[in-house]
K.L.:
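Quick one: the structure is below, and I'll ask about it shortly.
Predicted model only: the values in this text are computed from it and were never measured.
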Amino acid sequence: MAEAHSAVAFSFTVTPDGYDVRINHEALKAVWESGVVSWKKRIGKLKNNIHNGVFPASLYSWLIVVTIVLAVQLVSYDPSFGFIQLIHLHIPYVNSASSSLLGLYISTIVFGTLIWIAKFLVLKYLLKLLLSYHKWIYEVHGRTSFTTKLWFTLIKLYGGRKPLLMSYQASIPKLPVPDLRSSVNNYLNSVQHLMPAEKYKEVETLADDFCKGVGKKFQRYLILKSWWATNYVSDWWEEYIYLRGRSPIMINSNYYGLDALLVHNTSVQAARAANLIYAMLMYRREVDREELRPILINNVVPLCSAQYERQFNTTRIPGIETDKLVHFKESNHITVYHKGRYFKVLIKHKQRFLKPAELEIIFQKILDDNSAPMEGEEHLAALTAGERIPWAKARQEYFNHGKNKTSLDAIEKAAFCVTFDTEPQEYDPKDPSKLDRYGKAMIHGKGYDRWFDKSFTFVVCSNGQIGFNAEHSWADAPIMAHMWEVVVTREHILLGADAPLMAQTWEACQQHELRHGADAPVMAQLWEIAQDEQYKLGYDEKGHCLGTPECEPPHPIRLHWEIPTPCIDVIESSFQVATKLMNDLDLHIMMFTEFGKGFVKTCKVSPDAFIQAALQLTYYRMENKFCLTYESSMTRLFREGRTETVRSCTAEVCNFALALNEGKPKSECIKLLNKAAETHQKLYRDTMTGRGVDRHLFCLYVVSKYLDIESPFLSKALSEPWKLSTSQTPHQQTDRLDLNKYPDRICGGGGFGPVTDDGYGVSYIIAGEDTIFFHISCKVSCPHTDSHKFGATLKKSLCDMREMFSKN
């Protein structure tokens, strides 16, 4: 009650003795400060919108243009050829100015402004034309044409020195609709060598009939959509591939990420959580303010940044027929799960973010809390792990009022969720099975200790190791990988630097007295962090957060539930579904250290093409056949682009795998590998530049369903299973950490579940010059698949390919 009374800023009562007016000055001050912060955000948002709206021009250029026009006008030369006089005579209020000279000045400023508006519109259109040029991506590195060099120079000039996160958005071109016949022919080329001749002939006939018949009609509708939609694929892809799926999203859709495995910063669970969560909140602030630097290929070509907008404050709400994504503009709290209890943790105190040392105190209170979970609370998140329809019905019936609604709102409106695990996880070279358990803990946990609907759940193990579980519909893995890299790097910058040097210079950095003489890259990164509210991530000799609390941190708020017995039955039913899924997952994480991209580059082969060839060789050795293979590629060169499929099991790579497996001469195998790599690179570049096959066919299929017209070709093409689903996790999207100097800071990457019941899911991350992580998943229930056997075979395949290049 005391808290409730202190929260009232103004009270007015009538008593027998008169009026009683009470004013709580602290509450009024808090209201005032909250309003100031809100207006600052609005002004900052307006400023960014104006900056992005006129980009690649700037507001300063308006002043320059108007000044030049005024100067020319003052020397009695009319730069407008009479247009200024026209404005002076016919624009209301200008022609009635107090003096003709003032009216002339106003008319000149108006004319200069019109010239400036025309300028930035032309510049924006020219930038969009420049970004529509994609021949640069097909050119061999080191042999860049003059046209591409000129193009790179123009893009650099247009981009300026410090573009905001969303500056390029309005200039990024739309994803084009590929030619119908080209997509169909590319599809046929990708399956011809995987089908018997008779079956292929049948598919070829269906394809020809489709192109000559209903395909043309579907294509016209798709072109019409591309004219008015920002991206003709993304909305349908999000809705029909993710949100309309009624099966569990745990394992089937969500993916996970691991910590940097070779370093162990601290074993104090609360301290590690506090440092990393603070870094995440700083990252969120950079995204909100658009201060985060957009990803630029070769530091020149921008990628679409639209997916960053829903990274925080976002949750997936279950529905009977389809789910929906809900994004909240603001969130000043996170939710924490520990030993079956949920807590709401405020992340601000008097309009400032809590410091790591203050957050550590809050988290330690949660860890020390021995209260028992309420009835039904411990397994509550199993609802998000099971089938979607039971969860949607339960949410509608049992969580729409009272304590349950209040507590559920606290989870769904949180910036993100945090789970404190009670078990340790680690990488142990003497026991590889520990790494497998680490991965399984991140992808599904216990089936009830991750809120799988949240955009991501940050997991902190009992020994301080970390990871995350991310929902897939709001964005793709590179967005989470970007945040993960920035957040973990901020911690490693200080931990990886020379300790005496950091101790001597940190105080100077906080006082803005940084001078030359120290290691420039380290100091530059340190200075960047020091300026960011002077926060420092790091640990003292006992493993606790650096710094001292500046206030009494708010207590964690225990969430309360009143879950009736029928709802508990639904929760337990969902938990049984989750348990079955967990027990059926066979996950193996392999740290391959025989060689990495350093060796592959000496072979003059693309590292990605090299690994894809090894995967085809491995699958063939496992199954004695080849299969349709999915490799994820991005289409973020286009506005709101997400992913496209590289059909990486080409005829060329199959020829290479057969030749190496049959012991053909090394020179012949190398020649076939180079040819396969060239084909693979072309396919990858085609998908990146909007010439992919699968998203086009998928959208044609959606059109056919809207028109209620069946297409045997589309049904056949889209029903073929991807028995080998692969994806490369990006590493070092930023230049914040020098892995050549600190090779032990490599990240373990992440993975996902198998796409089919009898197939494999393989995620890999080229973590350094000498290390590659592979995350291999399949199902225990399938007698033909084995992740550990696949990993051992893959290791042999890679070593055989290395031997192929040996001089002896």
K.L.:
Quick one: sort the F312 and Y283 rings into parallel, tilted or perpendicular, breaks at 30° and 60°.
P.N.:
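Correct class here is tilted.
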
K.L.:
So do V762 and L615 actually touch side chain to side chain, heavy atoms under 4.5 Å?
P.N.:
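L615 reaches V762 side chain to side chain.
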
K.L.:
Assert yes or no for the condition that the ring centre distance of H472 to Y242 is strictly below 6.0 Å.
P.N.:
yes

K.L.:
The test is side-chain hydrogen bond (donor to acceptor under 3.5 Å, both in side chains); show your working for Y764 and D608 and say whether it passes.
P.N.:
CA-CA 10 Å; Y764 53 94; D608 184 63; 2.4 Å; yes

K.L.:
Are R450 and D421 side-chain neighbours, meaning at least one heavy-atom pair lies under 4.5 Å?
P.N.:
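Yes, close enough: below the 4.5 Å cut-off.
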
K.L.:
Can you list the residues that meet the salt bridge (Lys or Arg N to Asp or Glu O under 4.0 Å) rule with K796, with sequence neighbours excluded?
P.N.:
D800

K.L.:
When you check the side-chain N and O atoms of S648 and Q612, is any donor under 3.5 Å from an acceptor?
P.N.:
yes

K.L.:
Supply the atom-to-atom distance F599 CZ to M801 CE, rounded to the nearest 0.5 angstrom.
P.N.:
9.0 Å

K.L.:
Please round to the nearest 0.5 Å and tell me the distance separating atom OG1 of T793 and atom CG of L617.
P.N.:
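Separation between the atoms: 9.5 Å.
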
K.L.:
With side-chain contact (heavy atoms from CB on, under 4.5 Å) as the test, would you mind laying out the steps for N469 and M442 before giving the verdict?
P.N.:
CA-CA 6 Å; N469 182 287; M442 294 305 114; 5.9 Å; no

K.L.:
How close do F452 and A381 get, heavy atom to heavy atom, and via which atoms?
P.N.:
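Nearest heavy atoms, F452 then A381: CD1-O, 4.4 Å.
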
K.L.:
Would you say the side-chain atoms of N254 pair up with the backbone N or O of M250, donor to acceptor, closer than 3.5 Å?
P.N.:
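A pair under 3.5 Å: no.
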
K.L.:
Could you walk me through whether F790 and Y760 pass the ring pair (Phe, Tyr, Trp, His ring centres under 6.0 Å) test, one step at a time?
P.N.:
CA-CA 9 Å; F790 190 97; Y760 293 93; 4.5 Å; yes

K.L.:
Between S806 and E803, does a side-chain hydrogen bond (donor to acceptor under 3.5 Å, both in side chains) hold up when you go through it step by step?
P.N.:
CA-CA 5 Å; S806 65; E803 179 65 22; 3.2 Å; yes

K.L.:
According to salt bridge (Lys or Arg N to Asp or Glu O under 4.0 Å), who are the partners of K454, at least two apart in sequence or on a separate chain?
P.N.:
none

K.L.:
Is any side-chain heavy atom of V755 less than 4.5 Å from a side-chain heavy atom of L724?
P.N.:
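No, side chains not in contact.
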
K.L.:
With sequence neighbours excluded, tell me which residues meet side-chain hydrogen bond (donor to acceptor under 3.5 Å, both in side chains) with Y630.
P.N.:
R695

K.L.:
Give the minimum heavy-atom separation between V646 and S633, together with the two atoms involved.
P.N.:
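Closest pair (atom of V646, atom of S633, distance): CG2-CB, 3.6 Å.
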
K.L.:
Mind checking what makes salt bridge (Lys or Arg N to Asp or Glu O under 4.0 Å) contact with K601, not counting sequence neighbours?
P.N.:
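Applying salt bridge (Lys or Arg N to Asp or Glu O under 4.0 Å) to K601 gives E769.
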
K.L.:
CD/E720 to CG/D694 distance, rounded to the nearest 0.5 angstrom?
P.N.:
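Between E720 CD and D694 CG, I get 9.5 Å after rounding to 0.5 Å.
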
K.L.:
Strictly distance-based, threshold 3.5 Å: is any side-chain N or O of W484 a donor or acceptor partner for the main-chain N or O of L258?
P.N.:
yes

K.L.:
Determine, using ring centers only, whether F468 and F456 are less than 6.0 Å apart.
P.N.:
no

K.L.:
Any sub-3.5 Å donor-acceptor pair from N661's side-chain atoms to A657's backbone N or O?
P.N.:
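Not a single qualifying donor-acceptor pair exists.
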
K.L.:
For residues T618 and S797, is any side-chain donor paired with an opposing acceptor at under 3.5 Å?
P.N.:
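Yes, S797 and T618 have a side-chain donor paired with an acceptor closer than 3.5 Å.
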
K.L.:
Any idea which heavy atoms bring Q616 and C627 closest together, and the distance?
P.N.:
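Here Q616 and C627 meet closest at OE1-O, 4.4 Å.
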
K.L.:
Check for me whether the distance between the ring centres of H482 and Y308 falls short of 6.0 Å.
P.N.:
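Yes: the rings meet the under 6.0 Å criterion.
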
K.L.:
Within the 4.5 Å heavy-atom criterion, are D453 and R388 side-chain neighbours or not?
P.N.:
yes

K.L.:
Using the salt bridge (charged side-chain N to carboxylate O under 4.0 Å, His left out) rule, pick out the option among K440, K446, K434 that qualifies with E423.
P.N.:
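With E423 as partner, salt bridge (charged side-chain N to carboxylate O under 4.0 Å, His left out) holds for just one option, K446.
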
K.L.:
Which pairs, with at least one residue in residues 677-688 and sequence neighbours excluded, count as a salt bridge (Lys or Arg N to Asp or Glu O under 4.0 Å)?
P.N.:
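Salt bridge (Lys or Arg N to Asp or Glu O under 4.0 Å) check on residues 677-688 returns K682-D686.
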
K.L.:
Nearest heavy-atom pair of L798 and A614: which atoms, and what distance?
P.N.:
CD2-CB, 3.5 Å

K.L.:
What verdict does the side-chain hydrogen bond (donor to acceptor under 3.5 Å, both in side chains) test give for T689 and Y138, after you've listed the backbone C-alpha separation in whole Å, the side-chain angles of each residue and the deciding distance to 0.1 Å?
P.N.:
CA-CA 10 Å; T689 55; Y138 291 91; 3.1 Å; yes

K.L.:
List the steps and the verdict of side-chain contact (heavy atoms from CB on, under 4.5 Å) for K675 and F656.
P.N.:
CA-CA 9 Å; K675 187 175 181 181; F656 158 73; over 6 Å; no

K.L.:
Indicate whether any N or O donor in one side chain lies under 3.5 Å from an N or O acceptor in the other, for D758 and H784.
P.N.:
no

K.L.:
Taking side chain as C-beta onward, heavy atoms only, is M480 less than 4.5 Å from W474?
P.N.:
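In contact.
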
K.L.:
Please confirm whether the backbone N or O of S433 pairs with a side-chain atom of D431, one donor and one acceptor, at under 3.5 Å?
P.N.:
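Side chain of D431 to backbone of S433, a donor-acceptor pair under 3.5 Å: yes, one is there.
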
K.L.:
Considering all heavy atoms of both residues, which atom of L628 and which atom of S190 are nearest to each other, and what is their separation?
P.N.:
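Looking at all heavy atoms of both residues, the closest pair is CD1-O, 4.4 Å.
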
K.L.:
Under 3.5 Å, is there a donor on one side chain and an acceptor on the other for D436 and H788?
P.N.:
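On atom types as modelled, these side chains qualify, holding a pair under 3.5 Å.
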
K.L.:
Do the non-hydrogen side-chain atoms of L325 and R310 ever get within less than 4.5 Å of each other?
P.N.:
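Side chain of L325 against side chain of R310, heavy atoms only: contact under 4.5 Å found.
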
K.L.:
Quick one: do H680 and E631 satisfy side-chain hydrogen bond (donor to acceptor under 3.5 Å, both in side chains)? Show the steps, please.
P.N.:
CA-CA 11 Å; H680 178 271; E631 182 187 3; 2.7 Å; yes

K.L.:
Quick one: list whatever passes salt bridge (Lys or Arg N to Asp or Glu O under 4.0 Å) with K779, sequence neighbours left out.
P.N.:
D757

K.L.:
Any side-chain heavy atom of Q465 within less than 4.5 Å of one from R272?
P.N.:
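They are in side-chain contact.
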
K.L.:
If I take atom CD1 from residue I466 and atom SG from residue C461, how far apart are they, to the nearest 0.5 angstrom?
P.N.:
9.0 Å

K.L.:
Consider only side-chain N and O atoms of S763 and S727, and report whether a donor and an acceptor are under 3.5 Å apart.
P.N.:
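No, S727 and S763 have no side-chain donor paired with an acceptor closer than 3.5 Å.
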
K.L.:
Kindly state whether the ring of Y187 and the ring of H696 have centres lying under 6.0 angstrom apart.
P.N.:
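No, ring centres 6.0 Å or more apart.
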
K.L.:
How about E471 and S473: does a side-chain donor come under 3.5 Å of a side-chain acceptor?
P.N.:
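Short answer, yes.
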
K.L.:
Do P478 and M634 touch side chain to side chain, with heavy atoms closer than 4.5 Å?
P.N.:
no

K.L.:
Using 30° and 60° as the class boundaries, would you call the ring planes of F595 and F592 parallel, tilted or perpendicular?
P.N.:
perpendicular

